[in-house]
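Working notes, beginning with the structure itself.
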Amino acid sequence: MDKGKFFINRLCQFGKSRGREIGMRRIKESILLMLVLCMGFGSLSGCSGNVGGAESAGNEAAEAEASKTFIFGDTTFNPENEEPDVNPHRAYSGWACIRYGIGETLFHYSDSMEMEPWLAVGYENPDERTWVITLRDGVTFSSGRKMDGEAVKECLEHLIETHDRARGDLSIESIEADGQVITITTSEPKPAFLNYLSDPYGCIIDMQAGITDDGIVAGTGPYIAISLVSGERLELVKNEDYWDGTPGYDSITVRTISDGDTLTLALQSGEIDGAYGLPYASYAIFQNEDYHISSCATSRAFFLEMNAKSAVIADDAVRQAIAMGIDKDGFVNTLLQGNGYAAVGIYPDSFSFGGDAVKAEKYDPDGAKAILDAAGWLDRDGDGYREKDGTKLSIRWLTYPSRQELPLLAESAQATLKEIGIEVAINSTADHNSLRVDPAAWDVYVSAMVTAPTGDPEYFFTTHCLDSSSANNGSYHSDELESLAAEMAATFDVSQRAELAVQMQQVILDDHAFVFCSHLKMSMVSRASASGLTAHPCDFYEITADLAPVS
């Protein structure tokens, strides 16, 4: 299928996919718009059926009304921010691509976070720089093109050309294609190479079909993206030629509902069929036979990153006092209502290199006060906040509201840090991505991240802690960490990598460069009329072919 037919087909599918949510009037409007645009292309050959008459319009509407549609509300899908599309070759847009069933990677993770073949069937690693990957046969893109070695080569070459993080992670020197086999040579040993290929940016897409102006791509997943309205919704239709079973719904709408209470009401009223990102207080409402709740522990961490270029944060006593002044258990048990667990380091206890293996500051307000006293930070004017050399001990706390936990963490920390004499000025804003790159705009940046999405410990360090890291927002540097990171980059043995991960965590914890507050227990809720909306520990896979109406 050529590019023109691919996009005409998207248009036609769009007219057929809107039934239950938009109503009869909007269906007719979509059909009329489709007619005009198809005529503008000069041919109706890409559209199925005759859309010209009233009888056809009525049949089209009836078909849409009878179709099986699932409407999914998600507080974390915010395409008006840094990632306004589902193009995996742009920033972190690959998360939407893989979460909503549009794209798939060569390998993926089981429920126990063990790597398994997906679009690939196997691999060989004949030497430290060579990876020979055999692709699954019988897979086609939603454009109709066969997924073969040449298609995967084109995709990966475009990825490393346009995506800075992927280029650094993968270090691909060359790619050769031969039928259903690709041979990739890296410029240096990459022990976690296949893990990085399983990052959402590794979704395999058809580069010949192209990327639309609204960031839509042709993937291999169970659903095809046909429309994206920035900040509002993503429209999907079933991939009739999906290689791994029959998708359960004819169409899916993903709606951005950033307010948790609005999301709750939408699920209660039947306006939506499933939700991710509900307020924790709302889960009790859905603990009955009318709904399904799927939960699992994840490595998503809520953490503070210190700004090394901030004058106040440059004082280690301040950083240590902040680490000791945050009540992690209180945050998890009270504000998150138990829907998480207090963190020690980067990874949860379930990982061999997780929290049990490292040590961090514990909540100790009196100890924090003593450290600040000794460093000369005293409340000389009696206003409840400390000063030193005429400067009030005030920190600018930058975070964002799209993850409901982050504003709650900010409020909790503001209260407990006030008790030890530190003022916290909170800036919770959707503009955080533009502000976090400005070292003059904040002292502490607080965000959420899946710290081991590839099942390997290297990921967090390469993205956040090294001189070369794309998201080293606080300009942190440690000679010891750089040396350990270089050693990990050349280490293939899994147990040795785990030992290095423990040492590397301890370095940044001892420097008080990061404070890890909690890990997330991920939960998704669906109406009992649907099954297969299942939480996964890596937080990648949400809309799958298993999502289906209950018969």
Side-chain angles (χ1 to χ4, degrees), residues 75 260-261 277-284 295-306 313 317-350 354-356 358-372 377 379 384-386 393-428 443-449 451 505 508-509 512-523:
T75 59
D261 293 334
L278 288 166
Y280 294 120
S282 295
Y283 286 116
S295 301
C296 71
T298 77
S299 69
R300 180 175 289 280
F302 302 94
F303 64 97
L304 285 66
E305 186 172 359
M306 305 292 186
I313 294 299
V318 172
R319 299 196 306 275
Q320 185 175 6
I322 292 173
M324 298 171 69
I326 294 177
D327 184 1
K328 301 176 184 180
D329 289 322
F331 168 62
V332 168
N333 296 328
T334 303
L335 294 181
L336 300 192
Q337 300 186 26
N339 288 280
Y341 38 102
V344 179
I346 300 172
Y347 313 103
D349 295 344
S350 56
D356 286 342
V358 296
K359 295 180 180 180
E361 304 292 352
K362 296 182 179 180
Y363 180 51
D364 182 2
D366 291 336
K369 291 176 184 178
I371 287 170
L372 291 173
W377 291 98
D379 180 12
Y385 297 112
R386 297 170 181 268
L393 183 48
S394 178
I395 61 172
R396 296 163 298 168
W397 182 290
L398 177 63
T399 191
Y400 48 93
S402 59
R403 297 232 44 126
Q404 60 171 314
E405 300 86 356
L406 293 176
L408 295 176
L409 176 57
E411 293 172 11
S412 174
Q414 186 179 54
T416 58
L417 291 177
K418 181 178 180 180
E419 294 176 4
I420 63 174
I422 299 178
E423 180 183 58
V424 176
I426 300 170
N427 183 11
S428 179
D443 301 304
V444 173
Y445 178 54
V446 187
S447 60
M449 176 186 175
T451 56
Q505 285 180 88
I508 66 173
L509 292 172
H512 307 113
F514 295 81
V515 179
F516 299 91
C517 299
S518 71
H519 294 291
L520 174 70
K521 183 171 79 173
M522 175 186 180
S523 296

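Here the closest non-hydrogen pair linking V424 and Q414 is O-NE2, 2.9 Å. Nearest heavy-atom pair, V344 versus L509, reported as atom, atom and distance to 0.1 Å: O-CD2, 3.9 Å. Looking at every heavy atom in both residues, V444 comes nearest to I313 through CG2-CD1, 4.0 Å. Taking each heavy atom of Y385 and D379 in turn, the nearest pair found is O-OD1, 3.0 Å. Considering every non-hydrogen atom in both L304 and C517, the closest pair reads CD1-SG, 3.4 Å. Contact between Y341 and T298 at its shortest, heavy atoms only, is OH-O, 2.7 Å.
Taking 4.5 Å as the limit, every side-chain heavy atom of W377 sits out of range of all side-chain heavy atoms of I420. The side-chain heavy atoms of I508 and I346, taken from C-beta on, include a pair separated by under 4.5 Å. You'll find the side chain of K369 stays beyond 4.5 Å of the side chain of M324, heavy atoms only. Taking 4.5 Å as the limit, some side-chain heavy atom of K328 sits within range of a side-chain heavy atom of V515.
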Review item, side-chain donor-acceptor pairs of residues 329-338, under 3.5 Å, at least two apart:
unit_1: N333; atom_1: ND2; unit_2: D329; atom_2: O; d: 3.1
unit_1: T334; atom_1: OG1; unit_2: G330; atom_2: O; d: 3.3

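In this structure, OG in S447 is found 3.5 Å from CZ in F303, a value given to the nearest 0.5 Å. Taken to the nearest 0.5 Å, the CG atom of D366 stands 11.5 Å off from the CD1 atom of I371. With rounding to the nearest 0.5 angstrom, the OG1 atom of T75 is 8.0 Å from the CG atom of L278.
Partners of Q320 according to the side-chain hydrogen bond (donor to acceptor under 3.5 Å, both in side chains) rule, which considers only residues two or more places apart in sequence or in another chain, are E361. For the salt bridge (Lys or Arg N to Asp or Glu O under 4.0 Å) test, residues two or more places apart in sequence or in another chain that qualify with E405 are R403. The side-chain hydrogen bond (donor to acceptor under 3.5 Å, both in side chains) check on S295 picks up S523, with sequence neighbours excluded. For Y363, the side-chain hydrogen bond (donor to acceptor under 3.5 Å, both in side chains) test picks out no residue, with sequence neighbours left out. Remark: S394 engages E423 in a side-chain hydrogen bond (donor to acceptor under 3.5 Å, both in side chains) (not counting sequence neighbours).
The backbone N or O of G325 lies less than 3.5 Å from a partner atom in the side chain of T416, making a donor-acceptor pair. Remark: side-chain polar atoms of D443 are paired, donor with acceptor, to backbone N or O of R396 under 3.5 angstrom. Not a single donor-acceptor pair under 3.5 Å links the side chain of T451 to the backbone N or O of Y347.
In this pair, F516 and F514 present their aromatic rings parallel. The plane angle is below 30°, not in the 30 to 60° band.
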Item checked: Evaluation steps, side chain to side chain contact (heavy atoms under 4.5 Å, CB included), between T399 and F302 -> CA-CA 11 Å; T399 191; F302 302 94; over 6 Å; no

